[in-house]
Engineer: 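Submitted below is the structure of interest, expressed as structure tokens.
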There are 2 protein chains.
Amino acid sequence: MKSKETEISIEKMEKIADILKAIAHPVRLEILKMMNNSEALNVAQIMELTGLEQSLISHHLIKMKDKGVLKSVRNGRNINYSLVDPSILRLFDCIKNCNFI
Amino acid sequence: MKSKETEISIEKMEKIADILKAIAHPVRLEILKMMNNSEALNVAQIMELTGLEQSLISHHLIKMKDKGVLKSVRNGRNINYSLVDPSILRLFDCIKNCNFI
DNA sequence: CAAAAATATGAAAATATGTTCATATTACAT
DNA sequence: ATGTAATATGAACATATTTTCATATTTTTG
């Protein structure tokens, strides 16, 4: 049987893994990066910038929103998505600073 | 058709996503964290610390090794795994610093 | 109010990942 | 040489993720 400490650690790691998984996808990473440049973007703009279809973008955005990485605010018939916390973008540097990339 | 810039960006993002995916799993995160404390660990030690079975640990270690996150060196009949670049652990703080955790 | 624009939703299909189990390999000890 | 400990491998299975497609919802415009 596992120790209490291990259990707790697993739980914490699950949370972190969950957020990392929300981000660990080429399209979603691209979206995040684009948001760094232009703050908030709606679905149409992301479609334009990525060349991907509406539904796919929507699914990706909603997944990131569900995990707390993005937030959205409606503006007429558009919905603007933006980063909940732009410091998440440090992840990029973090990875790039490692030897293996 | 996609622009050259987009293609290049997608490629870069794929690499980053690949590394994030290699890490985005509770067990693998735990292993990484344990390695921070004790530098190098062999499979038996990780089994002991996590309470998980040999083959599963092995699969996880090898996945991380394949992605360049871990390296291994044999020592008798043990194999010691360790971080290729300990700065990868900044990811933990990076995530924790974000509001949403 | 009807039509159109922007986005969301949900099911189905395709693909990828995680886990288990049995077996193979490697190195050491006797 | 044989046995045993430590780890790797690979196939089978279970589960999760990604993508597509068709349709629904929401808001604006005429």
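The sequence lines fix the lettering, A, B, ..., with proteins before strands; numbering per chain opens at 1.
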Engineer: Answer whether the closest heavy-atom distance between the side chains of B:K15 and B:D18 falls below 4.5 Å.
Structural biologist: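 No; the side chains remain at least 4.5 Å from each other.
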
Engineer: In whole angstrom, give the distance that lies between atom CG of B:D18 and atom C1' of C:dA16.
Structural biologist: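 About 12 Å, once rounded to whole Å.
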
Engineer: Under 3.5 Å, side chain of A:R90 to main-chain N/O of A:F92, donor-acceptor pair present?
Structural biologist: no

Engineer: Whole angstroms only, please: what is the CG-C1' distance between A:N75 and D:dT27?
Structural biologist: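 Whole-Å distance recorded here is 11 Å.
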
Engineer: Taking the side chain as every heavy atom from C-beta outward, state whether B:E53 and B:M47 have any pair of such atoms under 4.5 Å apart.
Structural biologist: no

Engineer: Hey, are the side chains of B:L32 and B:M64 touching, using non-hydrogen atoms and a 4.5 Å cut-off?
Structural biologist: yes

Engineer: Would you say the side chain of A:M35 lies within less than 4.5 Å of the side chain of A:L70, judging by non-hydrogen atoms?
Structural biologist: yes

Engineer: Rounding to an integer number of Å, can you tell me how far A:L70 CG sits from C:dT7 P?
Structural biologist: 14 Å

Engineer: Do any side-chain nitrogens or oxygens of B:N78 fall under 4.0 Å of OP1 or OP2 in D:dT7?
Structural biologist: yes

Engineer: Nearest heavy atom decides the nucleotide; on that basis, is A:R77 or A:H60 closer to the 5' end of DNA chain D?
Structural biologist: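 Comparing both residues, the 5'-ward one is A:H60.
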
Engineer: Please tell me if the side chains of B:I79 and B:V73 come closer than 4.5 Å, counting only heavy atoms from C-beta onward.
Structural biologist: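 Not in contact.
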
Engineer: Using whole Å, what does the distance between atom P of nucleotide C:dA16 and atom CD of B:E14 come to?
Structural biologist: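 To the nearest whole Å, that distance equals 12 Å.
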
Engineer: In whole angstroms, how far is the C1' atom of C:dT7 from the CE atom of A:M64?
Structural biologist: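 Answer to the nearest Å: 15 Å.
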
Engineer: Using whole Å, report how far CG of A:L52 lies from C1' of D:dT19.
Structural biologist: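 Going from A:L52 (CG) to D:dT19 (C1'), I get 11 Å.
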
Engineer: Using only side-chain N and O atoms of A:H25, determine if any of them is under 4.0 Å from OP1 or OP2 of D:dA16.
Structural biologist: no

Engineer: So, applying side-chain contact (heavy atoms from CB on, under 4.5 Å) with B:Y81, which one of B:I57, B:V43, B:L41 is it?
Structural biologist: B:V43

Engineer: What is the distance from CG of B:L56 to C1' of C:dA22, rounded to the nearest Å?
Structural biologist: 15 Å

Engineer: If you restrict it to nitrogen or oxygen atoms, what contacts under 3.5 Å exist between nucleotides 8-12 of chain D and the protein, and what is each distance?
Structural biologist:
unit_1, atom_1, unit_2, atom_2, d
D:dA8, OP1, B:Y81, OH, 2.4
D:dA8, OP2, B:S58, OG, 2.6
D:dA8, N7, B:Q54, NE2, 2.7
D:dA8, N6, B:Q54, OE1, 3.1
D:dT9, O4, B:S55, OG, 3.0
D:dG10, O6, B:S55, OG, 3.4
D:dG10, O6, B:H59, NE2, 2.7

Engineer: Expressed in angstrom and rounded to an integer, what is the separation of A:K21 atom NZ from D:dT15 atom P?
Structural biologist: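 In whole Å, D:dT15 P lies 15 Å from A:K21 NZ.
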
